[in-house]
Amino acid sequence: MNRDIAKSFCYAFEGLIEGWRKERNFRIHCIFALFTVIMALLFGFSTVKWLVLLLTIGIVLSLELMNSSIERVTDLITEEYHPVAKKAKDLAAGSVFIFSIIAVIIGFLLFAGPIIEIVF
């Protein structure tokens, strides 16, 4: 049983490495996440703000990896253009897009107060 759990963690880590190496958008999201975490450290976020921030980052990164996996499975099924395959890819990309907009709004709400305090 422990060996199966260890393998599961290895596969998950391999997925993260694959995402970093092959998926430009995943790298972009990771870089923005790192920048945001550094800013949160500098602003001394409260525990609640950290929970919201980390949950938001986790959802964005997870959705990006899911989008990439849907794209790859779709490509595996058909190498030719197919309108249904396009719709599947577009829908997956749309889910990342929607939550990325929400993440920006959440980030604005989390950082607005500390930034206003510094400026004024």
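Values below: every heavy atom of this structure, side chains too, minus hydrogens, waters and symmetry copies. Throughout, numbering of the chain's residues begins at 1 and tracks the sequence. Since we're looking at a predicted model, the values are computed, not measured.
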message = Return the CD to CD distance between Glu14 and Glu18, rounded to the nearest 0.5 Å.
response = 9.5 Å
request  = Hey, could you give me each pair passing ring pair (Phe, Tyr, Trp, His ring centres under 6.0 Å) that has a residue in residues 100-120? Not counting sequence neighbours.
outcome  = Phe43-Phe111, Phe45-Phe111
Common cluster, Ile70/Val84, ILVMFWY with side-chain heavy-atom separation under 4.5 Å = no
task = Any chance you could lay out the side-chain contact (heavy atoms from CB on, under 4.5 Å) test for Glu79 and Asp75, step after step, and finish with the verdict?
result = CA-CA 6 Å; Glu79 292 181 8; Asp75 290 342; over 6 Å; no
Counting only pairs under 3.5 Å, give me each side-chain donor-acceptor contact of residues 52-66, with atom names and distances, residues two or more places apart or in other chains.
{"unit_1": "Thr56", "atom_1": "OG1", "unit_2": "Val52", "atom_2": "O", "d": "2.7"}
{"unit_1": "Ser62", "atom_1": "OG", "unit_2": "Gly58", "atom_2": "O", "d": "2.8"}
{"unit_1": "Glu64", "atom_1": "OE1", "unit_2": "His29", "atom_2": "NE2", "d": "3.3"}

ask   = Out of curiosity, does Ile106 fall in the hydrophobic cluster containing Ile101 (side-chain heavy atoms, cut-off under 4.5 Å, transitive links)?
value = no
task = Can you measure from CD1 (Ile105) to CG (Leu110) and round to the nearest 0.5 angstrom?
result = 12.0 Å
query = So if you build clusters from Ile, Leu, Val, Met, Phe, Trp, Tyr with side-chain heavy-atom gaps below 4.5 Å, do Val96 and Leu16 land together?
reply = yes
inquiry  = Per the salt bridge (charged side-chain N to carboxylate O under 4.0 Å, His left out) rule, what does the pair list look like for residues 23-51, sequence neighbours excluded?
reply    = Glu23-Arg72
task = Quick one: name the residues clustered hydrophobically with Val73, using the 4.5 Å side-chain heavy-atom rule over I, L, V, M, F, W, Y, and just say none if it's on its own.
result = Ile77
inquiry  = Looking at Tyr81, I'd like to know if its OH atom is crowded, meaning that more than 12 non-hydrogen atoms belonging to other residues, nucleotides or ligands lie closer than 6.0 Å.
reply    = yes
Asn25: partners by side-chain hydrogen bond (donor to acceptor under 3.5 Å, both in side chains), with sequence neighbours left out = none
task = Is it possible for you to say whether Phe35 and Ile118 belong to one hydrophobic cluster, with membership spreading through side-chain heavy-atom contacts below 4.5 Å?
result = yes
query = Does some side-chain heavy atom of Arg21 sit less than 4.5 Å from a side-chain heavy atom of Ile17?
reply = yes
request  = Any chance you could lay out the side-chain contact (heavy atoms from CB on, under 4.5 Å) test for Phe26 and Ser68, step after step, and finish with the verdict?
outcome  = CA-CA 9 Å; Phe26 182 70; Ser68 298; 5.6 Å; no
key: Residues that Phe99 engages under ring-ring contact (aromatic ring centres under 6.0 Å, His included), provided they are two or more places apart   = none
remark   = What one should report as the nearest heavy-atom pair of Ala93 and Asn67 is N-OD1, 3.1 Å
query = With the 4.5 Å side-chain cut-off for hydrophobic clustering, are Leu34 and Trp50 part of the same group?
reply = yes
Shortest non-hydrogen contact between Ser95 and Ala92, atoms and distance = OG-O, 2.6 Å
